[in-house]
Amino acid sequence: MVVLFPVALVGMFAGISKLLAAIGGWGRVAERYRARAPVSGHRFAMQSGQMGLVNYRNTLTITVTPEGLHIAILPLFRIGHPPLFIPWTAMHNGRRKRLFWWQLVAFDIGEPRLATLAVPAALFEGRALPT
């Protein structure tokens, strides 16, 4: 029984992580925009964001490049959440949003829309919002 508890705990954690990826849309987005190679750019670690109904608090690393956004979740939570690379051209309907004291930019991903992503507004400083 003592041996089965850690196995059950890991299995439950993996199942919950995959469920969150499905609920929020990360899985759908990854089918089309999965990151294939490392990127270089302005990197923001320990960021919060929201995809669909799922909040990712202080678990995202977001790299801003001239081509788009590279988004990865901390390795501990990565089950069902492969790194994403979303080109600027795949972001639509950008809008500013406020959640308590956080300034966010929300936008739709893909055409037709696969999911909605909200990230810190600081990532868009000096850049036009997606149209």
Side-chain angles (χ1 to χ4, degrees):
M1 188 66 129
V2 173
V3 174
L4 292 179
F5 181 73
V7 172
L9 192 63
V10 168
M12 195 167 69
F13 183 79
I16 290 170
S17 183
K18 286 184 154 246
L19 180 64
L20 290 174
I23 290 170
W26 195 291
R28 284 188 307 278
V29 173
E31 288 175 9
R32 189 176 307 163
Y33 299 111
R34 186 178 194 140
R36 302 287 179 205
V39 297
S40 60
H42 193 181
R43 184 177 171 182
F44 298 85
M46 303 298 289
Q47 295 297 303
S48 295
Q50 181 177 2
M51 185 173 287
L53 299 173
V54 180
N55 285 308
Y56 296 95
R57 289 199 180 107
N58 301 317
T59 58
L60 300 177
T61 299
I62 303 172
T63 305
V64 180
T65 75
E67 294 81 27
L69 295 179
H70 182 274
I71 305 169
I73 195 165
L74 290 174
L76 177 65
F77 305 106
R78 198 164 285 169
I79 296 171
H81 293 82
L84 305 173
F85 184 77
I86 304 168
W88 296 116
T89 56
M91 299 176 205
H92 308 284
N93 194 23
R95 58 227 176 253
R96 294 200 180 273
K97 179 176 166 176
R98 186 178 177 97
L99 182 63
F100 302 112
W101 52 87
W102 294 296
Q103 297 291 326
L104 303 170
V105 169
F107 53 88
D108 298 331
I109 302 169
E111 195 64 44
R113 183 178 62 82
L114 299 170
T116 299
L117 178 64
V119 294
L123 300 177
F124 283 85
E125 281 185 16
R127 177 174 290 282
L129 294 183
T131 57

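Here the structure is a predicted model, which means the values were calculated and not measured.
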Heavy-atom side-chain contact between R57 and S48 under 4.5 Å
yes
L74 versus N58: any side-chain heavy-atom pair under 4.5 Å?
no
Give the ring-plane orientation class for F124 versus W88, where under 30° counts as parallel, over 60° as perpendicular and anything between as tilted.
perpendicular
Between the side chain of R95 and the main-chain N/O of K97, is any donor-acceptor distance below 3.5 Å?
no
Note: M51 and G25 closest approach over all heavy atoms is SD-C, 3.7 Å
A side-chain contact here means heavy atoms from C-beta on lying under 4.5 Å apart; do H70 and P38 qualify?
no
When you compare the side chain of I109 with that of T116, does any pair of heavy atoms fall below 4.5 Å?
no
Would you check if Q103 and R96 make a side-chain contact, meaning some heavy-atom pair closer than 4.5 Å?
no
F107 side chain reached by L129 side chain, heavy atoms, under 4.5 Å:
no
Around R43, counting heavy atoms of other residues, nucleotides and ligands shown, do more than 12 lie under 6.0 Å from its CZ?
no
Nearest non-hydrogen partners of A118 and L104, listed with the distance
CB-CD1, 4.3 Å
Answer with yes or no whether the hydrophobic clustering places L117 together with F77; edges join I, L, V, M, F, W, Y residues whose side-chain heavy atoms lie under 4.5 Å apart.
yes
Are K18 and I23 packed together at the side-chain level, in the sense that at least one heavy-atom pair is separated by less than 4.5 angstrom?
no
I need the minimum non-hydrogen distance between A21 and G80, along with the two atoms involved.
CB-O, 3.1 Å
Do the non-hydrogen side-chain atoms of L60 and F44 ever get within less than 4.5 Å of each other?
no
Ring centres under 6.0 angstrom apart (Y56, W26)
yes
Main chain of V29, side chain of E31: is a donor-acceptor contact present, judged purely on distance under 3.5 Å?
no
For G110 and H92, which heavy atoms make the closest approach, and how far apart are they?
O-CD2, 3.5 Å
Co-membership, hydrophobic cluster, residues V39 and V119, 4.5 Å side-chain
no
Would a single hydrophobic cluster contain both I73 and F85, if residues Ile, Leu, Val, Met, Phe, Trp and Tyr are joined by side-chain heavy-atom contacts under 4.5 Å?
no
